[in-house]
Amino acid sequence: MSYFGVHSSSSSAAASPSSPTSTIPSGYSTPASDIDELQSYDSGIYNARRSQSVLVVGGLGYIGSHTSLELLRAGYNVVIVDNLDNSYLTTLDRIKVLRDDHYRNALLRPSVAFHEADYRDNRTMSVIMERYSARSGSAIEGVIHFAAHKAVSESIQQPLRYYANNVAGMVTFCSLLESLNIKKLIFSSSAAVYGEVTTETGLRISENHCLHETREWIDVAGDKRVTQGGCTAISNPYGRSKWMCEAILNDLAISDPEWSVVALRYFNPIGCDASGKLGEDPRTAPSNLMPSLLRVMNGQTPHLKIFGTDWDTRDGTAMRDFIHVSDLALGHVAALKAVGEARVGPGFHAYNLGTGDGNSVKEIVSAMQACSGKVIETQEVGRRAGDVGVVVADPTRAAAELDWRTAKSIDDCCQDLCRFLNIDSSAGSS
Ligand SMILES: NC(=O)c1ccc[n+]([C@@H]2O[C@H](COP(=O)([O-])OP(=O)(O)OC[C@H]3O[C@@H](n4cnc5c(N)ncnc54)[C@H](O)[C@@H]3O)[C@@H](O)[C@H]2O)c1
């Protein structure tokens, strides 16, 4: 069965070729009656918070869908908004199935509602938000914002499209949130904000390598450093769009101390839910490693292109901090909890979400070959514009302040992906 390579210009309601046919029509919004009926909870985890919901914008995409699922598993009600620009409605069906699996023996379960909308469309978003108004304000207890374009190469070719969606869209959206007095926001940032900083330092990247105000800090070697506010080493418009969003959110939090903003700087998410029922299913051609690799395994492309074999790394291929997407998703649950419990207070806070370990592209290819028992053909080509050699996180701040650590290994990532692809991983040598 084919799971990747979905290029569809057809209606947004089209089912992903990888998915069972969705029963949900185009332009879908969960009916109000369903929302009300589902505002009920697993008796084991009920608490007062559960009369509220978390708004997840871009919640049907790769990271958004895994985060929505982990929020539901943690007992949060979830409201998803997505324009299906890079996702399919069938993902909603999968999230519901996995939620129901989790609450199989419970009387009640958290709700998931969905609204198909562009988060930049202020009028439609206002109508949606109106549905969640409550006597005491809004029934939205916090927002997780994933909606963005994310391909580095594409951002170099189409910068305005990236700035319009990622930056201008966020400004419009935050203005709406502000008008509704919803001021708890978790923002999807990226290690791309660090640009080429690692190449210069040779250290794991700390949040202090990219700051929005000039600050002195001590690095892991005990040396005093000063980072000027404003990042100077960003190598592409995508990274700049994320940095701009962070800078705007930092300004917003300074202007109004009621805002609590957490920017989570993701390193390289791979893998999928351990069930193998939820994975990465983009409409657009993938540019990141794992979905490209899985396309080769599916026979959709003849070989995996390895961009650059002359980096200053163990085997010459680029080295990244690959993090299991479920660990990453749980980082959002941890951040939301930390903000909700005021362990993370008002203001702007940035956290790296990574493992702290690096693996090269060739090492990931070998791990996937060992796990699946399949040969993955590769083709070595030159470096891509905007790429950097080594990007590995220092994740200690997230551990200390969000009480979050990664739990899964590269082998877990590979095994879960084999399950997603219906490949028997016991056939491999791992
Ligand atoms: N995947 C990665 O490697 C990675 C790494 C670092 C940061 N990020 C960031 O994480 C976030 C999620 O990434 P992902 O990999 O899940 O991407 P994705 O493309 O799978 O998910 C993004 C979702 O947002 C939706 N969307 C886009 N524009 C929208 C709009 N205007 N209105 C409503 N919905 C919209 C898309 O349809 C999609 O479902 C993005 O902000 C991305 O920049 C991703």
Side-chain angles (χ1 to χ4, degrees), residues 4 6 8 12-14 16 55-69 79-92 95 114-122 124-125 128 143-152 154-155 161-173 176 185-194 236-246 263-272 278-292 320-326 328-329 331-332 350-354 391 393 413:
F4 293 93
V6 179
S8 174
S12 58
S16 148
L55 175 63
V56 184
V57 184
L60 290 190
Y62 173 46
I63 304 170
S65 59
H66 284 84
T67 301
S68 296
L69 176 61
V79 175
I80 296 174
V81 169
D82 200 301
N83 68 352
L84 307 181
D85 178 69
N86 198 29
S87 51
Y88 293 90
L89 269 175
T90 42
T91 298
L92 180 63
I95 292 171
F114 173 67
H115 304 279
E116 182 181 339
D118 190 314
Y119 90 122
R120 294 169 290 182
D121 178 348
N122 210 38
T124 304
M125 288 301 294
I128 292 169
V143 178
I144 308 184
H145 168 31
F146 293 101
H149 301 314
K150 62 168 184 180
V152 167
E154 195 182 59
S155 79
R161 184 165 164 263
Y162 272 67
Y163 291 127
N165 199 25
N166 299 10
V167 184
M170 191 201 72
V171 172
T172 306
F173 180 55
L176 175 66
L185 177 69
I186 314 291
F187 172 69
S188 280
S189 190
S190 168
V193 299
Y194 297 115
N236 58 73
Y238 167 70
R240 252 186 297 283
S241 79
K242 289 290 170 186
W243 181 83
M244 286 177 189
C245 286
E246 280 200 11
L264 298 177
R265 295 174 176 168
Y266 313 154
F267 282 65
N268 286 71
I270 59 170
C272 65
L278 186 66
E280 187 164 11
D281 201 2
R283 278 177 194 266
T284 51
S287 59
N288 40 346
L289 175 64
M290 224 45 173
S292 308
R320 292 289 181 272
D321 185 330
F322 293 98
I323 171 173
H324 193 294
V325 69
S326 298
L328 187 74
H332 296 74
Y351 296 97
N352 287 342
L353 294 188
V391 188
C413 295

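Counting convention: from 1, in listed order, for ligands and their atoms alike.
- A distance-only check finds no donor-acceptor pair linking the side chain of His115 to the backbone of Asp82 [under 3.5 Å].
- Remark: among candidates Tyr238, Tyr62, Phe187, the nearest residue to atom 9 (C) of ligand 1 is Tyr238, based on non-hydrogen atoms.
- Not one N or O on the side chain of Asn86 forms a donor-acceptor pair closer than 3.5 Å with the backbone of Gly61.
- Remark: the Asn352 side chain and the Tyr194 side chain contain an N/O donor-acceptor pair separated by less than 3.5 Å.
- Among all non-hydrogen protein atoms, the one lying nearest atom 36 (C) of ligand 1 is Asp82 OD1, 3.5 Å.
- Below 3.5 Å of separation, one finds no N or O of Tyr266 facing any N or O of ligand 1.
- Checking each of Glu246, Arg265, Lys242 against Ser189 for a side chain to side chain donor-acceptor pair (under 3.5 Å) leaves exactly one that passes, namely Glu246.
- Atom-to-atom distance recorded for Asn268:CG and Phe322:CZ is 5.0 Å, nearest 0.5 angstrom.
- Closest to atom 14 (P) of ligand 1, if we only count protein heavy atoms, is Lys150 NZ, 3.7 Å.
- Side-chain atoms of Ser155 come within 3.5 Å of backbone N or O of Val152 as a donor-acceptor pair.
- Atom 19 (O) of ligand 1 has its closest protein heavy atom at Asn86 ND2, 2.8 Å.
- Regarding atom 24 (O) of ligand 1, its nearest protein heavy-atom neighbour is Gly58 CA, 3.4 Å.
- In Asn165, the part holding a heavy atom less than 4.0 Å from any atom of ligand 1 is the side chain.
- Checking only distances, Val81 never comes within under 3.5 Å of ligand 1, N or O to N or O.
- Inclusion of Ala147 in the set of residues having an N or O under 3.5 Å from an N or O of ligand 1 is not warranted.
- To the nearest 0.5 Å, atom CZ of residue Phe114 and atom OG of residue Ser68 are 10.5 Å apart.
- When only non-hydrogen protein atoms are considered, atom 12 (C) of ligand 1 lies nearest to Phe146 O, 3.6 Å.
- Ligand 1 has no nitrogen or oxygen under 3.5 angstrom from a nitrogen or oxygen of Val57.
- At least one heavy atom of Pro269 sits less than 4.0 Å from an atom of ligand 1.
- Side chains of Thr172 and Asn122: a donor-acceptor N/O pair is absent below 3.5 angstrom, by distance only.
- Residue Asp85 approaches ligand 1 through these ligand atoms, each under 4.0 Å from one of its heavy atoms: 37 (O).
- Of the polar atoms of Asp118, at least one N or O is found under 3.5 Å from an N or O of ligand 1, judged by distance alone.
- Each of the atoms 37 (O), 38 (C), 39 (O) of ligand 1 lies under 4.0 Å from some heavy atom of Ser87.
- Using 4.0 Å as the threshold, Lys242 has a heavy atom nearer than that to some atom of ligand 1.
- Of the N and O atoms on the side chains of Tyr162 and Glu154, at least one donor lies less than 3.5 Å from an acceptor on the other residue.
- Taking the six-membered ring for Trp and the full ring otherwise, the centers of Tyr266 and His332 sit less than 6.0 Å from each other.
- Ile270 approaches Cys413 most closely through the heavy-atom pair CG1-SG, 3.6 Å.
- Counting only heavy atoms of the protein, atom 5 (C) of ligand 1 lies nearest to Phe267 O, 3.9 Å.
- Leu176 CG to Met125 CE: the interatomic distance, rounded to the nearest 0.5 Å, is 6.5 Å.
- Residue Gly59 places no heavy atom under 4.0 Å from ligand 1.
- The Ala117 neighbourhood of ligand 1 comprises atoms 32 (N), 33 (C), with distances under 4.0 Å to a heavy atom of that residue.
- Considering Asn83, Val56, Ile323 only, the shortest heavy-atom separation from atom 33 (C) of ligand 1 involves Asn83.
- If you look at His145 next to ligand 1, there are no close heavy atoms at all, none under 4.0 Å.
- Counting only heavy atoms from C-beta outward, the side chains of Leu328 and His66 never approach each other to under 4.5 Å.
- Counting only heavy atoms of the protein, atom 32 (N) of ligand 1 lies nearest to Tyr119 N, 2.9 Å.
- Neither the backbone nor the side chain of Ala192 comes within contact range of ligand 1; no heavy atom lies under 4.0 Å.
- Distance check: His145 NE2 to Leu55 CG gives 10.5 Å after rounding to the nearest 0.5 Å.
- Where the criterion is an N or O separation shorter than 3.5 Å, residue side chain and backbone included, His149 fails it with respect to ligand 1.
- At least one heavy atom of Leu60 sits under 4.0 Å from some atom of ligand 1.
- The distance from atom CG of Asp85 to atom OH of Tyr119, rounded to the nearest 0.5 Å, is 11.5 Å.
- Asp321 places a side-chain N or O within 3.5 Å of a backbone atom of Ala393 that can act as its donor or acceptor partner.
- With respect to atom 16 (O) of ligand 1, the closest heavy atom belonging to the protein is Ile63 N, 2.8 Å.
- For ligand 1, the atoms lying closer than 4.0 Å to a non-hydrogen atom of Leu84 are 37 (O).
- Considering each of Gly61, Ala148, Gly64, the one bringing a non-hydrogen atom nearest atom 27 (C) of ligand 1 is Ala148.
- Distance check: Glu116 CD to Thr124 OG1 gives 10.5 Å after rounding to the nearest 0.5 Å.
- Between Ser189 and ligand 1 there is a heavy-atom distance shorter than 4.0 Å.
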